[in-house]
Colleague: 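Take a look at this one; I'll ask things after.
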There are 2 protein chains.
Amino acid sequence: MTRVLLVDDQDLVRQGLRLILDLAGIDVVGEARDGAQAVVAVADLDPDVVLMDLRMPGMDGVEATRLITGSGARARVLALTTFDVDEHVVGVLRAGAVGYLLKDVTADDLVAAVRRAAAGEPVVAPAVLARMMANFADRPPANAAVLPGLGDLSEREREVLALIGAGRSNAEIADTLVISMATVKTHVRHIFAKLDLRDRAQAVVAARDAGLS
Amino acid sequence: MTRVLLVDDQDLVRQGLRLILDLAGIDVVGEARDGAQAVVAVADLDPDVVLMDLRMPGMDGVEATRLITGSGARARVLALTTFDVDEHVVGVLRAGAVGYLLKDVTADDLVAAVRRAAAGEPVVAPAVLARMMANFADRPPANAAVLPGLGDLSEREREVLALIGAGRSNAEIADTLVISMATVKTHVRHIFAKLDLRDRAQAVVAARDAGLS
DNA sequence: CTCGGGATCAGCCCGTGGGCTGAGGCCAGG
DNA sequence: CCTGGCCTCAGCCCACGGGCTGATCCCGAG
């Protein structure tokens, strides 16, 4: 079962969260009212997820997150705050948080987010996500330069390589690309020749090094 | 009720999606097998959400998305594709899509994503989100390191897996570990069984995800 | 002592992977 | 117009990969 630590300086907020999570069958194993208490509690209780408020008296949530993630603890830190400010988002993500929620989330969404965080998946509030997407889409195609020598591959070959990198068989690749397996094999052979690879295992390495998949 | 248009060139995929969405009480009001059909269908049916494959013969999903969002249609376009490639993500987001899903989503997550999209909320697959977050925070994903259950592997098996992850053949592994190839094969078979892998390509993925290699 | 798991190895079988040849269609550029 | 690259496909061949069975040895736990 998912075990959660609540960190917030307001008693009422913690009580509310505890009710919501309890109702969903999530186990709230502890509470803390500031960053310092949170760090101790994590070492003590080894929770799966830490629901971390950012603005708190004493040690704030960003600093606490840094200490927790830096300590090698298993816990995923999920920021839960009132303020939708990029400064906070960037700060706490840099500190190692796996997500950033706003306190206007519905109970259902909060529960889902905690479960995702427990599974190691990233989670962010829609409003924040929208800005991240805009930011992501705005950026220049800078990553093309960073990726090593896949430039000599054709578009189709890169697609095939990406699927190889995902662990797919030739038959599966043929299926998803809606082409025959003979064609897939041809692409594969060309990829190997161009990138100087011996077999698909090495191709997986190349694909992942290149940022495909 | 949420009204959805499916766009994919593979009949089987559309059928599967229709089943999943039907079951969740989402109304699939139409289907299209390429971008051109999609554009017409949107004008015709005025759906809430368009589930858009990207790679299709003829007009692709990115171009179709551009035309749809540019036409002033009410529909939210949600990209649903096999390829987790930044180039595609950026392309379709610039074209006006509200989200980017990968075809490895669970049925539940797909349904939730469609509902979010219908409400105008952005949605992206966890793997893509992780990169967006890293890009946003301008730093490596820190503690997001999800080291999955290699704990059940024996010491020797982990060594073999690491070598597989480096792209070595069974013969090479036998050579470097100074054991016979039969033994290597046995270890490999056990690794596959324990980690539920199908072939060494998937093993490479697992090894590198786990931080070996 | 016995049982079970890990490491080691052998032999058999066969499916997939990958090399090689050849070939047709499409499109951009010389 | 023709050359060359890319995408498409077919058929042939065989080595490696991987499943399966069965066996020996060592070890620690019960």
Side-chain angles (χ1 to χ4, degrees), chain A residues 149-207 212-213, chain B residues 9-10 34-35 53-60 63 82-83 85 87-88 149-207 212-213:
Chain A
L150 270 51
D152 17 320
L153 293 185
S154 74
E155 180 57 31
R156 200 55 156 170
E157 285 162 354
R158 271 200 300 279
E159 289 178 354
V160 171
L161 180 56
L163 289 171
I164 291 177
R168 309 295 192 81
S169 71
N170 286 341
E172 288 171 335
I173 294 172
D175 202 51
T176 71
L177 295 185
V178 202
I179 55 181
S180 87
M181 200 165 98
T183 306
V184 175
K185 284 183 157 194
T186 303
H187 287 315
V188 170
R189 200 155 35 78
H190 290 163
I191 292 169
F192 288 179
K194 287 182 178 177
L195 300 186
D196 191 31
L197 305 171
R198 199 184 346 125
D199 51 44
R200 67 180 36 241
Q202 293 191 348
V204 172
V205 175
L212 292 177
S213 83
Chain B
D9 57 326
Q10 296 182 68
D34 65 34
D53 189 25
L54 293 190
R55 164 136 220 115
M56 290 177 295
M59 185 191 297
D60 72 3
E63 183 58 22
T82 308
F83 301 101
V85 182
E87 200 181 327
H88 290 174
L150 269 52
D152 17 321
L153 293 185
S154 74
E155 184 56 32
R156 202 55 158 169
E157 286 163 352
R158 271 199 298 278
E159 289 178 359
V160 172
L161 180 55
L163 289 171
I164 292 177
R168 308 295 192 80
S169 71
N170 285 341
E172 288 171 334
I173 294 173
D175 202 51
T176 68
L177 294 184
V178 201
I179 55 182
S180 87
M181 200 164 95
T183 306
V184 175
K185 284 184 160 193
T186 302
H187 288 314
V188 169
R189 200 154 36 80
H190 290 163
I191 292 168
F192 288 179
K194 286 183 179 178
L195 301 186
D196 192 30
L197 305 171
R198 198 183 347 123
D199 51 45
R200 68 203 295 102
Q202 293 191 346
V204 173
V205 175
L212 292 177
S213 84

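By convention in this document, chain letters (A, B, ...) are assigned in the order of the sequence lines, proteins followed by strands, and residues within each chain are numbered from 1.
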Colleague: Quick one, Thr183(B) with Thr186(B), criterion side chain to side chain donor-acceptor pair (under 3.5 Å). Give me CA distance, side-chain angles, the key distance, then yes/no.
Modeller: CA-CA 5 Å; Thr183(B) 306; Thr186(B) 302; 5.8 Å; no
Colleague: Reading DNA chain D in the 5' to 3' direction, which nucleotide is the first one with an atom under 4.0 Å from a heavy atom of chain A, and which is the last?
Modeller: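 Contact boundaries, 5' end first: dC6(D) to dA10(D).
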Colleague: Send over the distance from Ile173(A) CD1 to dG17(C) C1', rounded to a whole Å.
Modeller: 11 Å
Colleague: Can you measure His190(A) atom NE2 to dG18(C) atom P for me and round it to whole angstrom units?
Modeller: 14 Å
Colleague: If you measure from CD1 on Ile164(B) to CD on Glu159(B), what distance do you get to the nearest 0.5 Å?
Modeller: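 Ile164(B) atom CD1 to Glu159(B) atom CD measures 12.5 Å (nearest 0.5 Å).
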Colleague: Side chains of Ile173(B) and Val188(B): closer than 4.5 Å at any heavy-atom pair?
Modeller: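 They are not in contact (no side-chain heavy atoms under 4.5 Å apart), so the answer is no.
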Colleague: Between Asp199(B) and Glu155(B), just flag the one whose closest nucleotide in DNA chain C comes earlier from the 5' side.
Modeller: Glu155(B)
Colleague: Using modelled atom types only, decide if a donor and an acceptor are shared between the side chain of Gln202(B) and the backbone of Arg198(B) within a distance under 3.5 Å.
Modeller: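 Yes, because the side chain of Gln202(B) sits within donor-acceptor range (under 3.5 Å) of the backbone of Arg198(B).
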Colleague: Does the Arg200(A) side chain pair with the main chain of Arg168(A), one donor and one acceptor, at a distance under 3.5 Å?
Modeller: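 Present.
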Colleague: Can you measure Arg168(A) atom CZ to dT16(C) atom P for me and round it to whole angstrom units?
Modeller: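 Taking atom P of dT16(C) as the reference, CZ of Arg168(A) is at 17 Å.
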Colleague: For Asp60(B), does its backbone N or O pair with a side-chain atom of Glu63(B) as donor and acceptor, under 3.5 Å?
Modeller: no
Colleague: Side-chain contact test, heavy atoms from C-beta onward, threshold under 4.5 Å: evaluate it for Thr82(B) versus Leu54(B) and give yes or no.
Modeller: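 Side chain of Thr82(B) against side chain of Leu54(B), heavy atoms only: no contact under 4.5 Å found.
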Colleague: Rounded to the Å, how far apart are Glu159(B) CD and dA7(C) C1'?
Modeller: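 That distance rounds to 11 Å.
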Colleague: Please round to the nearest 0.5 Å and tell me the distance separating atom NE2 of His190(A) and atom NE2 of His187(A).
Modeller: 8.5 Å
Colleague: Taking five pairs at each end, how big is the angle between the two axes of the helix from dC1(C)-dG30(D) to dG30(C)-dC1(D), to 10°?
Modeller: 40°
Colleague: Check whether any side-chain heavy atom of Thr176(B) sits under 4.5 Å from a side-chain heavy atom of Leu163(B), and report yes or no.
Modeller: yes
Colleague: Indicate yes or no: at least one non-hydrogen side-chain atom of Val184(A) is less than 4.5 angstrom from one of Leu177(A).
Modeller: no
Colleague: Given dT16(C), is OP1 or OP2 found less than 4.0 Å from the side-chain N or O atoms of Arg198(B)?
Modeller: no
Colleague: What is the distance, rounded to the nearest whole Å, between atom CG of Leu153(B) and atom C1' of dA7(C)?
Modeller: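 Answer to the nearest Å: 14 Å.
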Colleague: Heavy atoms within less than 4.0 Å of DNA chain C: which residues of residues 177-188 of chain A have one? Give them sorted by number.
Modeller: Lys185(A)
Colleague: Would you call Val205(A) and Leu197(A) a side-chain contact if the rule is heavy atoms closer than 4.5 Å?
Modeller: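 Side chain of Val205(A) against side chain of Leu197(A), heavy atoms only: no contact under 4.5 Å found.
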Colleague: How many whole angstroms separate atom CZ of Arg189(A) from atom C1' of dG22(C)?
Modeller: 11 Å
